[in-house]
Asks: 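Just passing along the structure, written as structure tokens.
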Amino acid sequence: MYERERLELVDKLSEKGIADIFVLKAIGEVERHLFVPKAMKHHAYKDIALPIGYGQTISQPYTVAFMTQVLKLKPNVKVLEIGTGSGYQAAILYNMGADVYSIERQFEIYSATRKLFDQLGIRVNTKCGDGTIGWDEFAPYDGIIVTAGSPNIPPSLKKQLAIGGRLVIPVGNKDSQTLNIVRKTEEDEFEIQAVPEFSFVPLIGREGWNQK
Ligand code: SAM
């Protein structure tokens, strides 16, 4: 279903500058319409963010592709995602062969997406909790992707990143953020590149925004 729409989306993302063939292949294979509410299915292959309920969104496909591309993933790496949401980003990472750990703070979203992963046979490790403090038990991660906007880069996530690994996180105020691409060069040494201009829902937690 929706094969032609998916291929058109791949073409659009490629025209917009996504060049990683593994990312484009994943976008062409993962069925985004399964990750959006029923009423939104006919919009699933438009390059737009869509509401998924509880005031949250499934990110725009370009944003998913761009964030995945900048992680520069090698085969069989371990990736931590903060903000499972609909599960689409995690499914893209899983499709690319990553060992995925994903944390969602809202219980209703966490349980609906866990059920979806089980139905679709997507073997992603999930947990309901505050992702700003990471998931220490399985650290270090070769890649960390934060899909909500933060006032800063949570120190726990920097700590749980492997040397040589990359962390991608939107940093800014609640309306707009720059995407920070952080590469850990040594323990406690980081190179940061910032790309304007993105807009994510807030990252709420101990090392993010206060809940208010
Ligand atoms: N990656 C998602 C996808 O593919 O649909 C997009 C997620 S949405 C833009 C951001 C998600 O981050 C929301 O579901 C929100 O509840 C979650 N979130 C916000 N703060 C969080 C935190 N501290 N830990 C875990 N999840 C968080």
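Because the structure is a prediction, the values reported are computed rather than measured. Every number for a ligand or one of its atoms is a count from 1 in the order of the listing. Atom set for the values below is all heavy atoms of this structure, side chains included, hydrogens, waters and symmetry mates excluded.
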Asks: By salt bridge (Lys or Arg N to Asp or Glu O under 4.0 Å), which residues pair with D118, not counting sequence neighbours?
Replies: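 Per chain and number, D118 pairs via salt bridge (Lys or Arg N to Asp or Glu O under 4.0 Å) with R114.
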
Asks: Ignoring hydrogens and angles, state whether a donor on the side chain of E207 or T132 is under 3.5 Å from an acceptor on the partner side chain.
Replies: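 Note: E207 and T132 side chains miss the donor-acceptor criterion.
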
Asks: Within the distance-only criterion (no hydrogens, no angle test), does the side chain of S176 pair as donor or acceptor with the backbone N or O of S199 below 3.5 angstrom?
Replies: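 Between the backbone of S199 and the side chain of S176 there is no qualifying donor-acceptor contact (under 3.5 Å).
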
Asks: Listed by chain and number, what are the salt bridge (Lys or Arg N to Asp or Glu O under 4.0 Å) partners of E187, not counting sequence neighbours?
Replies: K184

Asks: Can you run down the ring-ring contact (aromatic ring centres under 6.0 Å, His included) pairs that involve residues 173-197, sequence neighbours left out, and say none if there aren't any?
Replies: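 For residues 173-197, and leaving out neighbouring residues, there are no ring-ring contact (aromatic ring centres under 6.0 Å, His included) pairs at all.
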
Asks: Under 3.5 Å, is there a donor-acceptor pair between the Q89 and T147 side chains?
Replies: no

Asks: Identify all pairs of nitrogen or oxygen atoms, one from ligand 1 and one from the protein, separated by less than 3.5 Å, and list them with distances.
Replies:
from	atom 1	to	atom 2	distance (Å)
ligand 1	1 (N)	E81	OE2	2.8
ligand 1	1 (N)	G83	O	2.9
ligand 1	1 (N)	T147	OG1	3.2
ligand 1	4 (O)	Q89	N	3.0
ligand 1	5 (O)	S86	N	3.1
ligand 1	5 (O)	S86	OG	2.6
ligand 1	14 (O)	E104	OE1	2.7
ligand 1	14 (O)	E104	OE2	3.3
ligand 1	16 (O)	E104	OE2	2.6
ligand 1	20 (N)	I204	N	3.0
ligand 1	23 (N)	D130	OD1	3.0
ligand 1	23 (N)	I204	O	2.6
ligand 1	24 (N)	G131	N	2.8
ligand 1	26 (N)	R105	N	3.2

